[in-house]
K.L.:
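Below is a structure I'd like to ask you about.
So you know, we letter chains A, B, ... as the sequences are listed, proteins then strands, and number each from 1.
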Amino acid sequence: MLKIHNSLTRKKDVFKPIEPGKVKMYVCGMTVYDLCHLGHARVLVVFDTVVRYLRYSGYDVTYVRNITDIDDKIIARANENAEDFSALTKRFVQAMHEDAAELGVLPPDEEPAATASMPEIINMVQTLIDKGFAYTAKSEDGAGDVYYDVSAFKDYGRLSGKKLEDLRAGERVAVDERKDDPLDFVLWKAAKPGEPSWDSPWGKGRPGWHIECSAMSTCCLGNHFDIHGGGQDLQFPHHENEIAQSEAATGETFVNLWMHNGFVRIDDEKMSKSLGNFFTVREILKLYKGEEIRYFVLASQYRSPLNYADQLLDNARTALSRLYNTLRGLDVPADYDENDPAVEKFKQAMDDDFNTPEALAVLFDLANQVNRLKDEGADDAAMQKAAVLKKLANVLGLLEADPEHYLQSGAGDDSDAEKIEALIAARKQARENKDWAEADRIRDELDALGIVLEDKDGKTVWRRS
RNA sequence: GGCGGGAUAGCAAAGUGGCCAUGCAGUUGAUUGCAAAUCAAUCUACCUCGGUUCGACUCCGGGUCCCGCCUCCA
């Protein structure tokens, strides 16, 4: 029985799909004006893992992850670069896809972009005006802007647990005479001269950030769907506003279950663009493999804060080496025993709000069993267990590579294997001559290159440390 | 100020009212020419003060400290 923490109810709810056997899920993706950082990587990996597990559990999942490819930051960055905004976004969409692939993140079923969804967006804004939930700007200054009237939506604040009075009491909401209420937010933003724009009933302009997600999600998944996810920082105001827009426009419940992943931190402080304390996925990929980053992310429960430190990536590296080492040299069958006790333990862990750390513990238990069987010479039994290990790891998007290849490839450039093989052959010769000094010298030489040797059963295998 | 999350061994990180998490690191043994890998054994825990209980790291209450949201952010 799958339980998922629901931000709406603030507890773990038993997951019950709207339509039996099917899951419709939407996750807020990137605003593509820069490279993905580790925080983005966490969203990608976490929800990819959720989708993989739902599919493993037998659900037919439709996974939608959008791209925000028009907004103020994009326009600002394009101006800085003196390039067309669409050239900029195209480049970063490409980069994001490459990063996702490195992290073992499967493509979503649909990836709508804001600029490709203008009719739907404009349509929804018009509906909100028609139904009395939106109005055009109150001053000359904002001519062509359309705002959402927060006071017209009675449930406003339910997701974030905020009250309108409390929000208004906050000193940080600036006065804006274009709006009725400082909390009202923009649905359609009039274009300034030279800005990219789309025609609308209110003049040339572009959508506000929140409306595009409402429009794209309902467009792809219908008015009412199962799961909506994103980073914790989107809970307010972004997701709160999405609910207000969608429910006001359609008159239906928008989403049953809201999932929010915790932040990535550095030195106990949130990693973010505004603080400037972020690492891009690309930077980290120079030193670590995508799978190591993925393991690092999954080693913490998705709602907990995830502190970044090189040591933790090193840790992920050693842990993954252990698992791959276990599979190495075994001819692992594709079929696995679904009745293995580990399968049940794994499911229990994942059914409990995607407890990946506990699921990983199950993997290490299995690895221990496989190694013990190998030591006992029970190769067939070892392979059967290994099949379970591999299958369950695959559900987490791990251990998908060929162990031999994985262990012999580095994070960055791989220096040629021929030289390594030649040195190993020379060492073999020295060992046969019982010239231990020479054999050890060669091993030290390889060690300096980051190559570790393992002698077993009269053969020598190598891997990168 | 309002609302929310947390404090677990050297480092990370799960979890449970009474019995082993797990990974890395450490120690010892097996194995090895020596290593590595692996196996076995083992040392380090549950912020603090009260309460409930036969028994609490786990439940309840007070305290201390940390973090997040309330503004663009995954």
K.L.:
Without decimals, in angstroms, what is the distance between A:D375 CG and B:C39 C1'?
P.N.:
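To the nearest whole Å, that distance equals 5 Å.
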
K.L.:
Could you check whether A:K24 makes a cation-pi contact with A:Y63, meaning its NZ or CZ is under 6.0 Å from the centre of the six-membered ring and within 45° of the ring axis?
P.N.:
no

K.L.:
So what does A:G39 touch, heavy atoms closer than 4.0 Å: a base, only the sugar-phosphate, or nothing?
P.N.:
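Since a base atom lies under 4.0 Å of A:G39, the category is base.
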
K.L.:
Measure from the side-chain heavy atoms of A:R322 and tell me the nearest of B:C69, B:C24, B:U22.
P.N.:
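When the side chain of A:R322 is considered, B:C24 is the closest of B:C69, B:C24, B:U22.
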
K.L.:
Would you indicate which nucleotide in B:C69, B:A14, B:G33 comes nearest to any side-chain atom of A:D440?
P.N.:
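Within the option list, the nearest is B:G33.
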
K.L.:
When you check the gap from the basic side-chain N to the acidic O, do A:K90 and A:D69 get nearer than 4.0 Å?
P.N.:
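Looking at A:K90 and A:D69, the cut-off is not met.
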
K.L.:
Round to the nearest Å and state the distance from A:W258 atom CH2 to B:C69 atom P.
P.N.:
18 Å

K.L.:
Side chains of A:S7 and A:H260: any donor to acceptor distance under 3.5 Å?
P.N.:
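Yes, side-chain donor-acceptor contact under 3.5 Å.
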
K.L.:
Nearest heavy atom decides the nucleotide; on that basis, is A:M271 or A:N368 closer to the 5' end of RNA chain B?
P.N.:
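It is A:N368, whose closest nucleotide lies nearer the 5' terminus.
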
K.L.:
Within the structure shown, what part of the strands sits under 4.0 Å from A:N355 by heavy-atom distance: base, sugar-phosphate, or nothing?
P.N.:
sugar-phosphate

K.L.:
Within less than 4.0 Å of OP1 or OP2 of B:A14, is there a side-chain N or O belonging to A:S304?
P.N.:
yes

K.L.:
Taking a pair as Watson-Crick or G-U wobble with both distances under 3.5 Å, which nucleotide is matched to B:C47?
P.N.:
B:G63

K.L.:
For B:A37 versus B:U48, give the span between their C1' atoms, rounded off to a whole number of Å.
P.N.:
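My reading of the C1' atoms in B:A37 and B:U48 gives 45 Å.
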
